[in-house]
Amino acid sequence: MSKQILSQSSPSSIHEKIEQAHNLLETCGSLLIEDPHIHALLRKLRDCIENTNQSMVTLGVVAECKNCEEREGGSCCGSGIENKYEAVLLLINLLLGVSLENKKSSANSCYFLGKKGCTLTARHVLCVNYICQKLQKKLTREELIALQTCAGEELDTLFILHEAIKKYIRTHQT
Ligand code: SF4
Ligand code: SF4
């Protein structure tokens, strides 16, 4: 691995971060996937995300968000939230098979909001943890705890994977 990608000054725009994520994928993507620890974490993260998504469907969160998008003037995924995303989190999405090409549905929306909702698989803690006022009123205490438990497991796994990938890249940079 020849490029000092992570030690370069941080890119500022989402386009630069996406480019950096693609560079990381090119230089070390296959090595990361072959690493047993990272491979296992990627599988665990996928399962956790699926679990969270299933809870969101079961508890009616997905239907509420769809209603916002289609009938109430748009979802809360506003422009600028994409700037919270850093290259390694975007790399994790690439490793999970996500395309980072622009599917932005409107000028006022987050770069990653497509016509059918968020186009990312691994989302930032702000996105995973966000529960709007409407949902807080709609869901029972038990439902909120169930949702937060799934989200917590997803975020714990994402954090461990994120740190493992950063460590791997630093260790293998020449
Ligand atoms: S989180 Fe709340 S405000 Fe945002 S799209 Fe879903 S229901 Fe609407
Ligand atoms: S959930 Fe996805 S589309 Fe919504 S703000 Fe977060 S990254 Fe953007």
Side-chain angles (χ1 to χ4, degrees), residues 10-25 41-42 44-163 165-166:
S10 298
S12 52
S13 76
I14 191 61
H15 300 284
E16 288 172 320
K17 291 173 188 174
I18 288 172
E19 189 184 346
Q20 191 184 30
H22 278 288
N23 288 340
L24 285 165
L25 183 72
L41 283 168
L42 278 166
K44 185 175 178 196
L45 179 63
R46 197 185 282 282
D47 289 346
C48 288
I49 291 169
E50 180 55 38
N51 204 20
T52 308
N53 290 347
Q54 193 51 56
S55 290
M56 287 169 68
V57 171
T58 307
L59 297 172
V61 173
V62 170
E64 283 294 342
C65 294
K66 193 163 182 274
N67 192 47
C68 274
E69 187 60 38
E70 293 176 355
R71 296 187 186 83
E72 295 183 10
S75 83
C76 56
C77 296
S79 177
I81 301 176
E82 67 274 4
N83 294 323
K84 298 288 179 193
Y85 284 77
E86 299 299 337
V88 173
L89 183 48
L90 296 174
L91 170 65
I92 290 171
N93 278 281
L94 289 174
L95 292 170
L96 291 169
V98 173
S99 162
L100 299 178
E101 71 184 65
N102 195 352
K103 300 188 184 78
K104 187 166 169 149
S105 55
S106 87
N108 296 329
S109 71
C110 171
Y111 179 94
F112 298 116
L113 184 66
K115 285 197 167 61
K116 293 182 178 169
C118 183
T119 55
L120 298 180
T121 297
R123 294 175 302 143
H124 191 278
V125 59
L126 286 177
C127 301
V128 176
N129 271 343
Y130 184 68
I131 300 175
C132 71
Q133 295 273 329
K134 185 161 75 164
L135 291 173
Q136 286 181 37
K137 282 184 193 151
K138 172 187 161 64
L139 299 175
T140 65
R141 188 170 175 276
E142 289 70 27
E143 288 172 334
L144 279 169
I145 290 170
L147 191 55
Q148 285 164 340
T149 301
C150 294
E153 285 171 11
E154 175 184 332
L155 290 171
D156 286 348
T157 306
L158 178 61
F159 177 79
I160 295 167
L161 174 62
H162 193 274
E163 293 307 298
I165 289 178
K166 280 203 305 192

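Whatever order the structure lists them in is the order used to number ligands and atoms, beginning at 1.
Atom NZ in K116 sits 9.5 Å away from atom NZ in K66 (nearest 0.5 Å). The line from CG of L91 to NE2 of H162 is 9.0 Å long, rounded to the nearest 0.5 Å. Between atom CG of residue L139 and atom CG of residue L59 there is a gap of 6.0 Å, rounded to the nearest 0.5 Å. Here the CG-CG distance, from L95 to L45, works out to 10.5 Å after rounding to the nearest 0.5 Å. Between N93 atom CG and F112 atom CZ the span is 7.5 Å, to the nearest 0.5 Å.
Remark: K134 engages E72 in a salt bridge, criterion side-chain N to carboxylate O under 4.0 Å.
Among pairs with a residue in residues 145-156, those fulfilling side-chain hydrogen bond (donor to acceptor under 3.5 Å, both in side chains) read T52-E154, at least two apart in sequence or across chains.
The distance from ligand 2 to the heavy atoms of Y85 drops below 4.0 Å at these ligand atoms: 6 (Fe), 7 (S). Numbered from 1 in the order shown, with element, the atoms of ligand 1 that lie under 4.0 Å from a heavy atom of S75 read 5 (S). Distances below 4.0 Å separate heavy atoms of K134 from the following atoms of ligand 1: 7 (S).
Around atom 2 (Fe) of ligand 2, protein atoms of type N, O or S found under 2.8 Å number 1.
Of the protein's heavy atoms, C132 SG, 2.3 Å lies nearest to atom 2 (Fe) of ligand 1. What sits closest to atom 8 (Fe) of ligand 1 on the protein, heavy atoms only, is C68 SG, 2.4 Å.
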Query raised in the report: Run the salt bridge (charged side-chain N to carboxylate O under 4.0 Å, His left out) check on E163 and K166 step by step: do they pass?
Result: CA-CA 5 Å; E163 293 307 298; K166 280 203 305 192; 3.6 Å; yes
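Here the closest non-hydrogen pair linking L113 and C118 is CD1-N, 3.9 Å.
When non-hydrogen atoms are compared, ligand 1 lies under 4.0 Å from neither the backbone nor the side chain of E72.
With hydrogens and angles ignored, the 3.5 Å screen pairs no side-chain donor or acceptor of Q20 with any backbone N or O of A87.
Here the shortest heavy-atom distance to atom 6 (Fe) of ligand 1, taken over G74, G60, C65, belongs to C65.
Taking 2.8 Å as the criterion, C76 counts as a coordinating residue of atom 4 (Fe) of ligand 1, since one of its N, O or S atoms falls below it.
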